[in-house]
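Notes to accompany the following structure.
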Amino acid sequence: MRLNRVLLSTLLVVIALVVQVCVLARLQLPGAVPDLLLLVVLGLALVYGHTGGALIGFGAGLLADLAPPADHAAGRYALVLCVIGYLAGLARPETGQLRSATGPMLVVVAAAIGSTLLYAGVGQLVGDDAARHVGLGKLLFTAALYDLLLAPFTVPLIMGMARKSENDPMADSSGGSRVGTQRGGGLLSKAAGRSTGRLKGVKRL
């Protein structure tokens with residue numbers, strides 16, 4: 001990954017994790033907790049593609065696994081976000097530009113449901129049945145609802161920042177220098193042609 005991608009992704013992931021732990025987790029909403037970290041991974045994956053989405057998802061999930069007050073096995077959420085980031089990156093259009101907001105919202109709903117199911121499934125494998133006590137259906141509904149309500153305020157902003165970080169200002173300057181070189185070459189060739197014509201006229205005289 002490029003350096004600007006790494007710096008932007010790290011900054012957004014850390015901010016999202018702090019907001020989620022210090023603010024969203026303390027709202028005591030019924031069911032699931034709004035997953036701002038998931039939305040950051042989705043927004044970046046829709047711009048950077050499946051490889052970048054997988055790497056960012058793994059790093060964000062691992063950071064969430066190690067940050068207090070996490071009470072689950074380390075690597076569990078890293079696996080979930082790695083898979084979700086990879087799948088979300090596959091939805092990235094070839095042109096890099098989304099024609100409407102319907103696509104990202106569908107990705108958010110699918111990711112919220114998929115991450116909840118995958119997290120619960122991995123929990124069953126390691127012996128964590130906390131989802132049974134809360135109710136899996138309630139978790140799925142509230143996770144999709146909260147993330148969908150939060151997505152319009154976060155995902156477009158994250159995607160816009162990611163696209164700006166992809167723009168290389170040196171590309172314009174290099175392109176300008178190439179144009180100038182081509183123009184200069186054209187002028188030199190024209191001047192050379194004129195001087196050659198003049199020399200031929202002199203020889204004829």
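Throughout, numbering of the chain's residues begins at 1 and tracks the sequence.
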Considering all heavy atoms, the nearest Val107-Ala91 contact:
CG2-CB, 4.1 Å

Would you kindly check if the NZ (Lys) or CZ (Arg) of Arg92 is within the cone defined by 45 degrees around the ring axis of Tyr48 and under 6.0 Å from the six-membered ring centre?
no

Report yes if the side chains of Leu11 and Leu7 come closer than 4.5 Å at any heavy-atom pair, otherwise no.
no

How long is the straight-line distance from CG of Leu46 back to CE of Met159, given to the nearest 0.5 Å?
5.0 Å

Residue set satisfying side-chain contact (heavy atoms from CB on, under 4.5 Å) with Leu149, at least two apart, ordered chain then number -> Leu145

Please enumerate all residues that pass side-chain contact (heavy atoms from CB on, under 4.5 Å) together with Ile113, with sequence neighbours excluded.
Val109, Leu117, Leu140, Ala144

As an exercise, state the distance from CG of Leu8 to CE of Met161, rounded to the nearest 0.5 Å.
5.0 Å

Minimum heavy-atom separation for Pro156 and Ala151, please, with both atom names.
CD-O, 3.3 Å

Cut-off 3.5 Å, no hydrogens considered: what does the side-chain donor-acceptor table look like for residues 16-31, sequence neighbours left out?
| unit_1 | atom_1 | unit_2 | atom_2 | d |
| --- | --- | --- | --- | --- |
| Gln20 | OE1 | Leu36 | N | 3.0 |
| Gln20 | OE1 | Leu37 | N | 3.0 |

Starting from Val40, can I reach Ile15 by hopping between I/L/V/M/F/W/Y residues whose side chains sit under 4.5 Å apart?
yes

Backbone of Val6 reached by a side-chain donor or acceptor of Ser9 within 3.5 Å
no

Interatomic distance, CG@Asn4 vs OG@Ser165, rounded to 0.5 Å, equals 5.0 Å

CG of Leu55 to CG of Leu44: how many Å apart, nearest 0.5 Å?
12.0 Å

Could you see if Leu157 belongs to whatever hydrophobic cluster contains Leu150? Use Ile, Leu, Val, Met, Phe, Trp, Tyr and a side-chain cutoff under 4.5 Å.
yes

Check: residues 77-85 side-chain donor-acceptor pairs under 3.5 Å, at least two apart:
| unit_1 | atom_1 | unit_2 | atom_2 | d |
| --- | --- | --- | --- | --- |
| Tyr77 | OH | Asp35 | OD1 | 3.2 |
| Tyr77 | OH | Asp35 | OD2 | 2.2 |

How many angstroms lie between atom NZ of Lys138 and atom OG1 of Thr116, to the nearest 0.5 angstrom?
14.0 Å

Inter-residue atom distance Arg5.CZ - Ile56.CD1, 0.5 Å rounding:
8.0 Å

Shortest non-hydrogen pair, Ala112 vs Ser115, comes out as O-OG, 3.1 Å

Checking one residue: Phe153. Which other hydrophobic residues are in its cluster under the side-chain 4.5 Å linking rule?
none

Linking Ile, Leu, Val, Met, Phe, Trp and Tyr through side-chain heavy atoms less than 4.5 Å apart, which residues share a cluster with Phe58?
Leu62, Leu66

